[in-house]
Protein chains: 2
Amino acid sequence: MASASSASLRHLLLLRPLRPARRLLCVSSSSSSSSVLTHGDSSSSSSASSVGVVELNPPRGTRDFPPEDMRLRTWLFDNFREVSRLMAFEEVDFPVLESEALFIRKAGEEITQQLYNFEDKGGRRVVLRPEITPSLARLVIKQGKSVSLPLKWFTIGQCWRYERMTRGRRREHYQWNMDIFGMPKVRAEAELLQAVVLLFQRLGITSSDVGIRLSSRKVLQAVLNMYSIPEHLFTQVCVIVDKLGKLSREDIEKELITTGLSSEAVQGIIEVLSLKSLSKLEEVLGPGVEAVSDLKKLFSFAEQYGYADWICFDASVVRGLAYYTGVVFEAFDREGELRAICGGGRYDKLLSTFGSEDVPACGFGFGDAVIVELLKEKGLLPDLSRQIDDIVFPLDEDLEEPASSVASSLRKKGRSVDLVEDKRLKWVFKHAERINASRLILVGKSEWERGMVRVKILSTREEFEVSAGELQ
Amino acid sequence: MASASSASLRHLLLLRPLRPARRLLCVSSSSSSSSVLTHGDSSSSSSASSVGVVELNPPRGTRDFPPEDMRLRTWLFDNFREVSRLMAFEEVDFPVLESEALFIRKAGEEITQQLYNFEDKGGRRVVLRPEITPSLARLVIKQGKSVSLPLKWFTIGQCWRYERMTRGRRREHYQWNMDIFGMPKVRAEAELLQAVVLLFQRLGITSSDVGIRLSSRKVLQAVLNMYSIPEHLFTQVCVIVDKLGKLSREDIEKELITTGLSSEAVQGIIEVLSLKSLSKLEEVLGPGVEAVSDLKKLFSFAEQYGYADWICFDASVVRGLAYYTGVVFEAFDREGELRAICGGGRYDKLLSTFGSEDVPACGFGFGDAVIVELLKEKGLLPDLSRQIDDIVFPLDEDLEEPASSVASSLRKKGRSVDLVEDKRLKWVFKHAERINASRLILVGKSEWERGMVRVKILSTREEFEVSAGELQ
């Protein structure tokens, strides 16, 4: 690995040129003795996209997962899966490549403006999916009558977007989705919220760290009804007012006016969105409005489930996806420094946009990025060092065959065994510490002649001989 | 889900047209009362790629994983992971999207001719990776001196190819890869072969079902040396002779002649490739040839590990990837009906094609497709039905809140709980059977007034009352 020693050298590396021409390359002064040509520093890497140069980094905005990052991801996903199991959800999966048509929506959502789409060699418009809900809906329709409702499905998958790269923004992330199809009542939302809270609790996060804001798009629907605003503007209004906080209030008002709303209606909407109390909302909307009764019911469920301290009503929560129709929610860090940790809601009308009969549905997406930031901040990242049962080490080269049979038989007994050779004993001890090995099995000449191996318990420094056949 | 009742209707569904024009669509006669337009039958689906029509199926050649398929995949991947743990390998992962440059090789491999490549919006040539080894190599170089060799890494990931679709061929599959970097001796191959055998054994496959053919590219190298064939033709010759069995012997000979080999050399190569005995090989190549000593050592290891009955020498094994340099192997079903189950080999020179110093390396890829075919054929697919701990069912609508607290508290105790509502008791019992629930917890009015719930153990039909607080 000597050639990979300098940072600049490690950043970029050269694919042996397929053609003699080596344009766009400059020779790193420190590597003149080798055949390795690199750019001088990593900041120039964006110009290194010509044939002949291979980046050491994965494509911009994507991640490798070396072992330590992978252990963290696996730990997080295992928690997603365990909560899904507790909630009796079934796991499903979909191709990361989907037909573009599944994601074409006209409401001006950020998610559809940043599609990672392209044409395949057969001329089909395809996309690296930006979200998983449309695929879920597609499969529900495809399964048709072969499944009985309600369906409770979860999935963990990678989602993509294409946008100009700014610092720290990524083009992919993993998302845990839980979705319920076929439950019209807010029971479904109550179940999903329990899942989110159970996850937080498993990770060591408390309700003083994180809260869940919730509202219902039926609140906006009621306001639109008050001002006799036509039905077809509903989605667009939702997508616009979701940008409150990102854009200035004036810009939002302008956009709403542009869609055809009266300034009176715009003021009405913005006022309602500022409400943080359910009783105040009931006052404004009047009695018997579904938005209010849904939310009341949900808060009453929260008491029974035992997560009332996690949730609060906040009319400004609208969420940015076009297809939400009812309750919407998002989890946020109470210090207010991070983006939403997860978000979800009810989407009772999505299936008809695909030409099927509607099935009531709701779900959430929970990304792998913000939660890890939060865990870091709170000092809650677990210690995920490696853990190996045994290291088997032959003390002499001509003992490599006995070492094989020792390692092999331990593995057949279920132990994880690292078979180490051609190293010095000192290295092996260091290595044992590094990978948290429980035992070191030394295969030595004089012991092996008696059918024995030497066992060292690394935590206690205890050492003894045991017959190779009896080694457990 | 009523609209999804007819098969034709289920196959295709219509996205609400974004523009008034509805070209390429025809109205299904059976759905004239609904807004659903479909093609008449599934065979015409390939023409349904215009805007406005969404396929119910994922893109051609890709798969959805509904719950039952996902359970099978999870079971298989868990076995991959468990074997990797036994062998003390660490899991890593990479983006499914990579730079095309990583896979550009000139040897005429099938894998590089079927790249699922395209240009992203930033003008970069990217590819849905066809294999994982180049990404592994990239990360090894990137990690540089921060890791100590040898590295033992595994990954399970999706790989893609783009080719014209023929019946049953897919454009994606998942692949388990195990790779060792930094071990120059055949110990590495011996370890990998144990992993493959351990996997088969865990799945219930025996050495009468499956064998592993192995050879070394150094065999071909020795033959090329005998005929003084220039070094730079080595890779190309390997890729060509790998097609023996797919193409006719005459075509192979013609291709070899075209690269510049004498017909004498071609005959020599083809003769050696037909050898199935190591002693015969030694006779032909003469003494002291590395190919032979490597293979002898490997067979001797196999005895010690205890998998000698699984492996056999077969000089015709060359494998199709350009970068293999030494031992190559593939697992095959002994009935000879399926494609190779897995394949691998040593690739000591891959890193220098990326401009880095070489690190000895070898590994294998093990797909998710052929192994499942084999398991099916052998009747070895496991029973993977759903398994839920408890169903909680309120017998009355006004008991939904107590039901919430019962379900919630069981989940907090680690039990998987399906909370069912708005169904008849008969449906609940059927459902319990379908999902293999262990218990049914009935929340009834008179019991709840006494703080009790009714528990039914479904395997024994035993029934009793228990205080809700004491329910475990």
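Values below: every heavy atom of this structure, side chains too, minus hydrogens, waters and symmetry copies. Here is how names work: the chains are called A, B, and so on, in the same order as the sequence lines, proteins then strands, and each is numbered from 1.
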Problem set entry | Trace of the side-chain hydrogen bond (donor to acceptor under 3.5 Å, both in side chains) decision for Gln304(B) with Ser408(A) | CA-CA 8 Å; Gln304(B) 301 298 325; Ser408(A) 173; over 6 Å; no
Problem set entry | Top contributor to chain B interface from Ser404(A), Gly414(A), Ala190(A), Gly182(A) [non-hydrogen pairs under 4.5 Å] | Ser404(A)
Exercise. With a 4.5 angstrom heavy-atom cut-off, which part of Ser135(B) approaches chain A: side chain, backbone, both or neither?
Worked result: neither
For this session: Mind listing the closest non-hydrogen atom pair of Leu149(A) and Lys423(B) along with its distance?
Result: O-NZ, 3.0 Å
For this session: With rounding to the nearest 0.5 Å, note down the distance linking CD in Gln194(B) to CG in Leu419(A).
Result: 9.0 Å
Exercise. In terms of heavy-atom pairs under 4.5 Å, which option from Val406(B), Asp418(B), Leu151(B) contacts chain A the most?
Worked result: Asp418(B)
Exercise. Among Pro402(A), Pro150(A), Ala88(A), which has the most heavy-atom pairs under 4.5 Å with chain B?
Worked result: Ala88(A)
Exercise. Is it the backbone or the side chain of Ile388(B) that comes under 4.5 Å from a heavy atom of chain A, or both, or neither?
Worked result: side chain
Exercise. Given a strict heavy-atom distance threshold of 4.5 Å, which part of Leu198(B) is in contact with chain A: side chain, backbone, both, or neither?
Worked result: side chain
For this session: Quick one: closest heavy-atom pair of Pro67(A) and Val92(B), and the distance?
Result: CD-CG1, 3.5 Å
For this session: Could you check which of Lys185(B), Gln158(B), Arg434(B) has the highest count of heavy-atom pairs closer than 4.5 Å to chain A?
Result: Lys185(B)
For this session: Take Glu55(B) and Arg124(A), measure what salt bridge (charged side-chain N to carboxylate O under 4.0 Å, His left out) needs, and give me the verdict at the end.
Result: CA-CA 12 Å; Glu55(B) 280 259 355; Arg124(A) 284 179 195 81; over 6 Å; no
For this session: Would you indicate whether the side-chain heavy atoms of Glu91(B) and Phe65(A) approach each other to under 4.5 Å?
Result: no
Problem set entry | Glu303(A) portion near chain B, given a 4.5 angstrom heavy-atom threshold | neither
Seminar exercise, completed: Most heavy-atom pairs under 4.5 Å with chain A, out of Asp120(B), Val126(B), Leu139(B), Leu410(B), belong to Asp120(B)
Problem set entry | Parallel, tilted or perpendicular: rings of Phe118(A) and Tyr116(B) (30°, 60°) | perpendicular
For this session: Flag the pair Asp389(A) / Arg85(B) as yes when at least one side-chain heavy-atom distance between them is below 4.5 Å, and no otherwise.
Result: yes
Exercise. Is Glu90(B) close to Arg71(A) at the side-chain level, that is, under 4.5 Å between some pair of heavy atoms?
Worked result: yes
Exercise. So which part of Arg411(A) gets closer than 4.5 Å to some heavy atom of chain B, the side chain, the backbone, both or neither?
Worked result: both
Seminar exercise, completed: Looking only at Tyr305(B), Trp427(B), Phe94(B), most heavy-atom pairs under 4.5 Å shared with chain A are made by Tyr305(B)
For this session: Would you mind reporting whether Lys121(B) and Asn117(A) have side-chain heavy atoms less than 4.5 Å apart?
Result: yes
Problem set entry | Spacing of OG belonging to Ser99(B) relative to CZ belonging to Arg60(A), to within rounding of 0.5 Å | 11.5 Å
Exercise. What part of Ser84(B) gets closer than 4.5 Å to chain A, counting heavy atoms only: side chain, backbone, both or neither?
Worked result: neither
Problem set entry | Single hit among Glu397(B), Glu421(B), Glu401(B) for salt bridge (Lys or Arg N to Asp or Glu O under 4.0 Å) with Arg187(A) | Glu421(B)
For this session: Name the region of Leu128(A), side chain, backbone, both or neither, that has any atom closer than 4.5 Å to a heavy atom of chain B.
Result: side chain
Exercise. Which bit of Tyr174(A) is near chain B, if near means a heavy-atom gap under 4.5 Å: side chain, backbone, both or neither?
Worked result: side chain
Problem set entry | Interchain contact, Glu172(B) with chain A, by part (heavy-atom threshold 4.5 Å) | neither
Exercise. Minimum heavy-atom separation for Pro58(A) to Lys142(B), with atom names?
Worked result: CD-NZ, 3.7 Å
Problem set entry | Residue Ile435(B) versus chain A: region with a heavy atom under 4.5 Å | neither
For this session: Sort Asp69(B) into side chain, backbone, both or neither according to what part of it lies under 4.5 angstrom from a heavy atom of chain A.
Result: neither
Exercise. Side chain, backbone, both or neither: which part of Arg202(B) has a heavy atom under 4.5 Å from chain A?
Worked result: neither
Seminar exercise, completed: The interface call for Arg415(B) against chain A, heavy-atom contacts under 4.5 Å, is backbone
Exercise. Is chain B contacted by the side chain of Ser148(A), its backbone, both, or neither, given a heavy-atom distance below 4.5 Å?
Worked result: side chain
Problem set entry | Taking every non-hydrogen atom, the tightest pair across Asp64(B) and Pro95(A) | OD1-CD, 3.5 Å
